[in-house]
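See structure below.
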Amino acid sequence: MEAYPSSDKKKPIAIITIGMAGAGKSTFVQRINSYLHSLDPPSPPYILNLDPAVTHVPFEANIDIRDTVNYAEVMKQYNLGPNGGILTALNLFTTKFDQVLELVEKRAETVDYVILDTPGQIEIFTWSASGAIITDAIASSIPAVVAYIIDTPRMTAPATFMSNMLYACSILYKTKLPFILVFNKTDVQPHDFALEWMEDFEQFQAALASHSGTNDSEGEPTYMNSLMNSMSLVLDEFYKHLKTVGVSSMTGDGIKAFFEAVEDAREEYEKDYLPELERARALRDKSLQDAKEDSMNRLMKDLEVDRAKNPQGALADRWDPDAENDDDDDDDPEINIVDRTGETFTF
């Protein structure tokens with residue numbers, strides 16, 4: 001096997017793996033990590049584990065959130081449940097993510113892929129502020145693609161298939177990044193049926209009609225049946241713009257096709273997404289600058305009014321550096337971002 005050629009060194013591309021619990025995200029990351037190591041010459045990726053609650057990962061992460069935040073201590077200190085503990089741990093880690101980006105950028109000349117393994121509780125990453133910050137920060141620094149991992153054997157039920165597709169659709173429009181549907185576990189269940197349902201909504205409707213529980217006691221379609229029929233029509237346009245690939249994380253089948261889809265996604269990112277990101281960034285910077293100027297203008301007007309009404313008070317309102325209180329120092333606990341390849345950042 002040969003690595004992908006690169007005359008001029010490109011920026012590495014980030015692969016953000018997202019999926020339902022049990023879909024096989026970590027096993028998939030292990031498989032693509034193994035594949036990249038097996039290339040000639042090898043192309044080891046830079047891997048970030050963002051799941052603070054996992055007890056074991058089947059790969060060696062370069063940056064592991066567990067080295068920075070103690071999930072069990074977070075639950076204990078803040079009196080949280082499992083999901084709240086994961087969310088809070090991810091929030092704490094995100095406060096230092098600029099340092100993670102520095103580490104990634106230092107490796108940009110030596111790696112081709114940066115892989116993010118996200119928490120199994122999908123909503124914690126996809127719908128939290130910390131997940132959005134991490135995704136936006138990565139996508140603003142290097143090309144990025146979302147790999148949505150799907151448990152193919154569980155997709156044979158039309159309702160489960162539709163639920164996954166709706167979730168994939170929502171993540172696509174939330175992240176606004178190139179998107180790859182990865183049908184995992186194809187060694188157990190081939191994904192041909194899913195491709196048929198995506199390419200021909202009538203095939204999905206036929207499968208839905210033949211599925212038990214789609215009609216009520218009077219033989220009429222149930223509400224859920226009618227809803228899924230309608231949604232299949234709505235999602236028909238969504239399917240046309242999706243990249244799909246079937247893989248087996250156990251056997252390695254389809255991994256080469258996955259990386260071909262990733263390279264296509266890089267071109268899509270540079271052509272369609274990067275200009276939009278730059279435009280959005282320029283608008284955001286302008287909005288922030290306008291807000292700062294407006295706030296400063298209102299502050300200066302308030303000060304002028306206050307000084308006119310109370311000249312003596314304005315004279316007394318002076319900053320005394322000797323009166324500074326040492327208690328105002330940042331009391332946040334020290335957080336270490338550890339790069340297992342050899343560097344540690346201490347805050």
Side-chain angles (χ1 to χ4, degrees), residues 14-30 33 45-105 114-142 144-149 167-168 170-172 174-177 179 330-340 343-347:
I15 302 171
I16 305 172
T17 60
I18 297 175
M20 300 288 187
K25 292 185 299 299
S26 295
T27 309
F28 174 74
V29 171
Q30 184 276 331
N33 177 43
Y46 196 78
I47 303 179
L48 281 67
N49 172 46
L50 300 180
D51 190 345
V54 67
T55 56
H56 169 73
V57 289
F59 51 83
E60 184 66 32
N62 298 89
I63 295 179
D64 195 323
I65 188 174
R66 297 174 299 169
D67 294 333
T68 303
V69 184
N70 187 317
Y71 164 70
E73 284 299 316
V74 167
M75 281 202 303
K76 181 179 178 181
Q77 181 176 348
Y78 296 102
N79 193 27
L80 299 169
N83 285 348
I86 295 173
L87 179 59
T88 303
L90 194 60
N91 288 342
L92 291 171
F93 184 77
T94 303
T95 62
K96 304 300 180 182
F97 200 74
D98 58 325
Q99 303 298 331
V100 176
L101 289 178
E102 284 187 20
L103 290 171
V104 171
E105 288 169 359
V114 176
I115 303 172
L116 284 72
D117 188 19
T118 60
Q121 290 77 1
I122 185 172
E123 68 282 356
I124 288 178
F125 186 82
T126 56
W127 300 112
S128 68
S130 53
I133 291 169
I134 290 173
T135 302
D136 291 345
I138 286 287
S140 298
S141 302
I142 58 176
V145 57
V146 173
Y148 184 70
I149 316 301
Y167 219 113
S170 64
I171 294 172
L172 170 64
K174 187 176 189 298
T175 61
K176 298 181 175 63
L177 289 172
F179 201 85
D330 187 4
D331 293 329
D332 289 341
E334 184 180 85
I335 295 179
N336 294 330
I337 299 294
V338 179
D339 181 350
R340 293 184 175 185
E343 293 188 34
T344 301
F345 280 84
T346 303
F347 308 96

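The structure presented is a predicted model; accordingly, all values stated were derived computationally and were not measured. Here, residue 1 is the first one in the sequence, and each next residue gets the next number.
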Please round to the nearest 0.5 Å and tell me the distance separating atom CE of Met75 and atom CG of Asn79.
10.5 Å

List the steps and the verdict of side-chain contact (heavy atoms from CB on, under 4.5 Å) for Thr68 and Lys96.
CA-CA 10 Å; Thr68 303; Lys96 304 300 180 182; over 6 Å; no

Rounded distance (nearest 0.5 Å) linking atom CD1 of Ile47 with atom CD1 of Ile63:
11.5 Å

Residues passing the ring pair (Phe, Tyr, Trp, His ring centres under 6.0 Å) test with Phe28, sequence neighbours excluded, are Phe258

Given side chains that start at C-beta, do those of Ile122 and Ile18 come closer than 4.5 Å, heavy atoms only?
yes

Donor-acceptor contact below 3.5 Å, side chain Ser170 vs main chain Tyr167:
yes

Please report the closest heavy-atom contact between Leu87 and Ser128, naming both atoms and the distance.
CD1-CB, 3.5 Å

Do NZ/NE/NH1/NH2 and the carboxylate oxygens of Asp67 and Arg340 come within less than 4.0 Å?
yes

When rounded to the nearest 0.5 angstrom, what distance separates CD1 in Ile133 from CG in Leu90?
9.5 Å

Kindly give the heavy-atom pair with the smallest separation between Thr95 and Asp98, and that separation in Å.
O-OD1, 4.1 Å

After noting the C-alpha distance and the side-chain angles of Phe97 and Ile138, does the key distance pass the side-chain contact (heavy atoms from CB on, under 4.5 Å) rule?
CA-CA 10 Å; Phe97 200 74; Ile138 286 287; 4.0 Å; yes

Determine whether Arg66 and Val54 make a side-chain contact, defined as any pair of heavy atoms from C-beta on separated by less than 4.5 Å.
yes

Are Ile134 and Thr94 close enough that some pair of their side-chain heavy atoms sits under 4.5 Å apart?
yes

Considering only heavy atoms from C-beta outward, does the side chain of Ile65 approach that of Tyr71 to under 4.5 Å?
no

So, for Asn62 and Tyr46, which heavy atoms are closest and what is the spacing to 0.1 Å?
OD1-CA, 3.4 Å

Look up atom NZ in Lys76 and atom CD in Glu73, then write down how far apart they are to the nearest 0.5 Å.
5.5 Å

Rounding to 0.5 Å, atoms OH (Tyr148) and CD1 (Ile171) come to a distance of 5.0 Å

All heavy atoms of Asp117 vs all of Lys25, minimum pair found to be OD1-CB, 3.8 Å

What one should report as the nearest heavy-atom pair of Val74 and Ala89 is CG1-N, 4.2 Å

Any side-chain heavy-atom pair from Thr175 and Ile16 closer than 4.5 angstrom?
no

Measure the spacing between CG of Asn70 and CG of Leu92 and express it to the nearest 0.5 Å.
11.0 Å

With distance as the sole test, does Lys174 use its side chain to make a donor-acceptor pair with the main-chain N or O of Thr126 at under 3.5 Å?
yes

Polar side-chain atom of Thr118 near backbone of Thr17 as donor-acceptor pair, under 3.5 Å
yes

Shortest non-hydrogen contact between Gly120 and Asp51, atoms and distance:
N-OD2, 3.6 Å

Kindly indicate, with the supporting measurements, whether the criterion side-chain contact (heavy atoms from CB on, under 4.5 Å) is fulfilled by Val114 and Leu48.
CA-CA 8 Å; Val114 176; Leu48 281 67; 3.9 Å; yes

